[in-house]
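Worksheet: one structure, shown below.
A note on names: the letters A, B, ... follow the listed sequences, proteins ahead of strands, and every chain is numbered from 1. All of these numbers come straight from a predicted model, not from anything done at the bench.
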Amino acid sequence: MREIRNEDPTARWSRAPGGNRSFPTTGVSAGDLAVAAGKAATRPDRSRARVSLIGLSLVIALLGLAFRLFQVQVVQAADLAGQGLDQRLVTRDLAPQRGKVYDRNGELLAMTVEAQSIWANPTQIEEPLWVAQQVGGLLGVDSQELLTRLESDREFVYLKRQVEPGVAEQIAALEVRGIYAHPESTRIYPAGAVASHVTGFVDIDGNGQEGLEYMYDEALRGVPGKAVFERDLEGRIIPQGISDIVPAVPGTDLNTTIDLPLQYQAQQACLSAVDRTDAESCWVVVLDVESGGVLALAGAPVFDPQTRQTVDEDCDPALDPTCHAFRNFIVRGVYEPGSTQKLITVAAAIEEGEVKAGTVIPGVADLLELRPDACRSADDDLFGCYRDFEEHETANMSVAEIFTRSSNVGTILVAEKLGQDRLISYIERFGLGAKTGVDYSVEAPGTLNFEAGCETCWASAAIGYSVAATPLQMAAAYGAIGNDGIWTAPHIVASTTDVDGNQEVAGLETKRVVSPETAVLMQDLLANVVDEGTGQAATVAGYQVGGKTGTANKLGEDGRYTEVTRASFVGMAPMNDPKVVVAVLIDAPSYQYRTGGAAAAPVFAQVMEQALHRLGVPPDADAG
Amino acid sequence: MVLIGVAAFLGLGFARTSLDRSAFELDRLNRSITEQEALNEQLRLEIARMENPARIAPLAEELGLMIPGDTRQLLVDLGGPAVASVDEGDTQ
């Protein structure tokens with residue numbers, strides 16, 4: 001029989017006085033044995049109870065699991081499935097690619113490509129100074145400015161947006177912790193400053209701000225898409241997962257009437273003219289006579305659409321705020337056209353049958369006073385004193401001679417036969433005082449100053465004062481004469497092409513302003529101006545050209561005319577069947593070049609020659 | 001029956017795997033297309049930049065070329081109307 005030990009732990013370990021443990025005693029009493037026998041008798045009951053307890057525990061545990069399973073699979077099933085889906089599901093906006101802009105030969109003027117925007121998490125940058133120096137050099141950003149950004153306590157700062165992929169690769173090769181890149185579209189103008197006055201530009205986020213970019217912003221922008229899909233840990237689309245992709249619709253492409261090589265030539269001619277005449281600016285517009293398409297629209301100073309700054313490095317923005325301004329005087333600038341306006345006056349008088357080219361106007365002096373003693377002082381042109389540019393003896397002059405010599409007095413005498421109302425009517429018919437409708441942002445309508453009670457405004461208007469027009473309006477007016485009396489609204493975009501290749505051709509807006517006979521007669525008079533008159537510097541070898549000079553004094557701040565002029569020339573060629581109109585305006589040339597004949601006519605000749613070559617117009621057999 | 005069941009199960013698994021593999025391949029190809037399209041656009045941009053008259057004109061001048069200047073016509077009677085033009089600087 002096994003020895004029954006006293007299992008009472010307090011009996012096995014007794015505490016000795018003083019707190020130290022002592023070994024247990026080994027003595028067994030008879031009473032103890034009796035108790036042990038009783039306990040052995042109750043063992044099966046206790047085991048059963050234990051088994052029951054374990055079983056019960058298992059049942060409870062299983063019930064708990066079942067409850068939890070029920071909760072997960074039934075009660076919370078939808079929520080949990082949703083949470084899982086949220087982790088896998090990605091929603092991305094798909095940015096549409098902005099439409100391209102082409103010239104008439106399919107050369108790209110503007111396009112959008114993928115670029116990289118470089119950003120940093122300054123909290124991860126360990127050596128900001130070193131990073132600023134390394135990255136700043138590659139990005140072309142001042143390292144001190146970069147350092148300021150890298151030392152900020154933000155977790156996201158742009159270092160430079162929309163850099164070319166090559167630059168981003170160079171930065172990635174540095175393997176700097178805390179410097180990252182993400183793809184972003186950027187607008188590029190491959191022709192740079194050459195076509196800047198046509199295309200305009202977009203802001204950093206791709207919103208059209210100027211020019212065609214602004215005018216056609218909605219069409220160019222396209223329609224954004226959206227992609228919803230499930231992805232795995234590596235970012236791959238999970239097959240058979242949720243996938244709902246609405247692709248972005250790329251923007252519409254613009255096919256312009258601009259001829260890029262001619263645009264370049266016009267811009268170069270303007271830059272040379274500004275240099276030669278020391279003028280403030282020069283503007284040239286070239287129109288296709290029949291269609292009204294703008295073949296070139298250039299100016300100087302030039303403007304870089306990429307940086308939105310002038311290319312002229314000598315320009316100090318502190319001294320000249322226009323360094324950073326986008327200007328397009330051809331569409332937005334208004335000026336008093338001076339003698340180029342005489343085309344409208346004489347054409348109106350001929351159309352109305354008041355005069356013919358050979359009609360002699362008797363006693364044309366070099367000075368005319370519409371009010372008594374109006375010419376007492378030299379600066380009183382506003383009050384009814386009109387002078388010819390050059391002094392001459394009073395003579396009988398034919399209308400053709402008046403036009404060729406650009407006589408102010410003679411033209412006013414012709415206009416007097418016409419009367420104010422009919423003069424105004426023709427000025428408006430030729431498109432002055434109203435927007436031409438050209439597809440370009442913020443066109444100026446110009447102004448016709450015929451205040452009630454103004455006794456001399458009609459005379460001023462007859463010779464190009466009291467009227468403010470844009471160079472484009474003047475070009476379109478001359479285009480009407482070149483087009484045998486039909487005025488055509490100028491336009492820059494010939495057609496648009498959508499993503500499916502569907503082309504929409506812009507409609508032409510035309511109206512007859514004078515009869516073909518009058519138009520042809522005016523063409524002859526314009527040719528005379530170049531052959532014998534004030535516009536001889538506009539001669540183009542091999543072609544017979546016609547045009548009219550214009551020299552208008554600029555108004556000073558005090559409202560009186562100054563010696564500073566705007567010199568212009570508007571003309572067309574070839575005269576046997578005009579194809580092209582070129583208008584040139586030179587603002588504030590030096591005194592030596594103050595006239596349209598001296599400053600603008602040579603630019604006209606240069607641009608017209610290139611235009612005729614570009615259009616493949618054969619030389620006139622009978623031209624000099 | 002069991003054999004058919006096992007075969008069907010394995011076949012279904014194989015088909016599913018093939019489908020998934022194809023889907024991943026399709027995804028990879030789509031990404032590749034996007035990358036190639038981006039590259040194509042970059043190359044088009046490069047061409048456009050190369051064709052910029054402002055770049056070509058100075059290079060052409062360095063090579064002795066020039067923009068056509070004043071022209072004169074030589075009317076040559078060859079039994080019919082003919083027009084030819086030569087540069088003013090031409091010594092012919």
Given a strict heavy-atom distance threshold of 4.5 Å, which part of [X] is in contact with chain B: side chain, backbone, both, or neither?
X	result
Leu260(A)	both
Asn105(A)	neither
Glu164(A)	side chain
Pro618(A)	neither
Gln265(A)	side chain

Just wondering, are more than 12 heavy atoms of other shown residues or ligands nearer than 6.0 Å to CG in Leu3(B)?
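Check fails, neighbour count at 12 or below.
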Step through the shown structure and confirm whether more than 12 heavy atoms of other residues, nucleotides or ligands are within 6.0 Å of CG on Leu29(B).
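Counting other residues, nucleotides and ligands, CG of Leu29(B) exceeds 12 neighbours.
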Examine whether an atom of [X] lies under 4.5 Å from a heavy atom of chain A, and if so say whether it belongs to the side chain, the backbone or both; otherwise answer neither.
X	result
Arg44(B)	both
Asp27(B)	side chain
Arg31(B)	side chain

Which of the residues Gln268(A), Glu114(A), Met111(A) is involved in the greatest number of heavy-atom pairs with chain B at under 4.5 angstrom?
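Top count of heavy-atom pairs under 4.5 Å with chain B: Met111(A).
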Give the member of Val194(A), Ile188(A), Leu108(A), Leu109(A) that has the highest number of heavy-atom pairs under 4.5 Å with chain B.
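It is Ile188(A).
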Criterion side chain to side chain contact (heavy atoms under 4.5 Å, CB included) on Gln610(A) and Val540(A), from CA distance to verdict
CA-CA 10 Å; Gln610(A) 295 304 321; Val540(A) 176; over 6 Å; no
Beyond-backbone contact of Arg161(A) with Glu184(A), side-chain heavy atoms, under 4.5 angstrom
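In short, these two side chains touch, coming nearer than 4.5 Å.
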With side chains defined as the heavy atoms from C-beta onward, is the minimum distance between Leu43(B) and Leu45(B) less than 4.5 Å?
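Leu43(B) does not reach Leu45(B) side chain to side chain.
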Residues of residues 90-104 of chain A with any heavy atom under 4.5 Å of a heavy atom in chain B:
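Residues in range: Gln97(A), Lys100(A), Tyr102(A).
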Atom pair CD1 (Ile258(A)) and CG (Asn255(A)), whose distance is rounded to the nearest 0.5 Å:
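So the gap between those two atoms works out to 12.5 Å.
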For the atom pair CG (Leu26(B)) and CZ (Arg21(B)), what is the distance rounded to the nearest 0.5 Å?
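With rounding to 0.5 Å, CG (Leu26(B)) is 14.5 Å from CZ (Arg21(B)).
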Sub-6.0 Å ring centroid separation between Tyr189(A) and Phe201(A)
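No, they do not, as the ring centres are separated by 6.0 Å or more.
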Would you please say whether a donor-acceptor pair under 3.5 Å links the side chains of Ser196(A) and Asp304(A)?
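There is no such pair (donor and acceptor under 3.5 Å, judged by atom type) between the side chains of Ser196(A) and Asp304(A).
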For the interface with chain A, which of Asn30(B), Asn52(B), Ile47(B) has the highest count of heavy-atom pairs at distances below 4.5 Å?
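Highest number of heavy-atom pairs under 4.5 Å: Asn52(B).
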Given 3.5 Å as the limit, does a donor-acceptor pair link the side chain of Arg88(A) with the main chain of Glu230(A), or not?
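It does not hold such a pair.
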After noting the C-alpha distance and the side-chain angles of Val580(A) and Leu612(A), does the key distance pass the side chain to side chain contact (heavy atoms under 4.5 Å, CB included) rule?
CA-CA 7 Å; Val580(A) 187; Leu612(A) 294 169; 4.3 Å; yes
